[in-house]
Amino acid sequence: QVQLVESGGGLVQTGGSLRLSCAASGFTFSIYAMGWFRQAPGKEREFVAAINRSGGNTYYADSVKGRFTVSRDNGKNTVSLQMNSLEPGDTAVYYCAADRTVWVRMVATEYEYWGQGTQVTVSS
């Protein structure tokens, strides 16, 4: 049974940091690229960051570049998102997702497996 379980969300003040983690099971983690997406109330789900199978290639949305860092540990089947200098505009439910590809992709419909999400709230 495929599972992606996010953790690490919470309430933080503007300028603060959070580290999200996603634990994967039920599939061969090391052959999947992993992505992070987010969805704010009343808005569409948007791409945040992605990392390729080996962890050697990453890609970020312009809105988070320089503030967020995605990483993975194929030995532990986990992917993480370090979020620094958080802003109220970062408030959303954050999802991790798995994409069986050698590439790093930004389109949500390309991703095969999804977690349930974790809430991140940034207060001003």
Taking the side chain as everything from C-beta on, heavy atoms only, tell me whether [X] gets closer than 4.5 Å to [Y].
| X | Y | answer |
| --- | --- | --- |
| L86 | F68 | yes |
| N77 | S25 | no |
| C22 | T78 | no |
| S7 | R19 | no |
| R38 | R45 | no |

Hey, is the main chain of [Y] close enough, under 3.5 Å, to the side chain of [X] for a donor-acceptor pair?
| X | Y | answer |
| --- | --- | --- |
| N52 | G56 | yes |
| R53 | T101 | yes |
| E6 | G117 | yes |
| T91 | V122 | yes |
| T118 | G9 | yes |

(message) Does the structure place the NZ or CZ of R72 under 6.0 Å from the centre of the six-membered ring of Y32, at an angle of no more than 45° from the ring's axis?
(response) no

Kindly give the heavy-atom pair with the smallest separation between [X] and [Y], and that separation in Å.
| X | Y | value |
| --- | --- | --- |
| Y60 | T69 | OH-CA, 3.3 Å |
| Q119 | A92 | NE2-O, 3.4 Å |
| Y95 | G115 | CD2-O, 3.5 Å |

(request) Mind telling me whether F27 and Y113 have parallel, tilted or perpendicular rings, with 30° and 60° as the class edges? (result) tilted

(request) May I ask you to decide if the ring planes of F37 and F47 are parallel, tilted or perpendicular, using 30° and 60° as cut-offs? (result)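 If you compare the ring of F37 with that of F47, the planes turn out perpendicular.
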
(message) Suppose clustering is done on Ile, Leu, Val, Met, Phe, Trp and Tyr with side-chain heavy atoms closer than 4.5 Å. Which residues sit in the same group as V102?
(response)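 Members besides V102, by chain and number: W103.
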
(request) Measure the CE-OH distance between M106 and Y59 for me, rounded to the nearest 0.5 Å. (result)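 Going from the CE atom of M106 to the OH atom of Y59 covers 5.0 Å.
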
(message) Measuring from atom OH of Y111 to atom CG of L4, what distance do you get when rounded to the nearest 0.5 angstrom?
(response) 12.0 Å

(request) Apply the side-chain contact (heavy atoms from CB on, under 4.5 Å) test between W36 and each candidate in I51, V79, V64; give the one that qualifies. (result)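 Looking at I51, V79, V64, the match for W36 under the side-chain contact (heavy atoms from CB on, under 4.5 Å) is V79.
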
(request) Taking atom CZ of R100 as the centre, report whether more than 12 heavy atoms of other residues, nucleotides or ligands fall under 6.0 Å from it. (result) no

(message) What I want to check is whether the side chains of S17 and N84 have a donor and an acceptor closer together than 3.5 Å.
(response)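 Indeed, the side chains of S17 and N84 share at least one donor-acceptor pair under 3.5 Å.
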
(message) My understanding is that only residues two or more places apart in sequence, or in another chain, count here; which of them pass side-chain hydrogen bond (donor to acceptor under 3.5 Å, both in side chains) with K65?
(response)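 side-chain hydrogen bond (donor to acceptor under 3.5 Å, both in side chains) list for K65, sorted by chain: D62.
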
(message) Check E110 with R105, please: is the shortest side-chain N to carboxylate O separation under 4.0 Å?
(response) yes

(request) Determine whether V70 and I31 fall in the same hydrophobic cluster, where Ile, Leu, Val, Met, Phe, Trp and Tyr are linked whenever their side-chain heavy atoms lie under 4.5 Å apart. (result)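 Cluster IDs for V70 and I31 match.
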
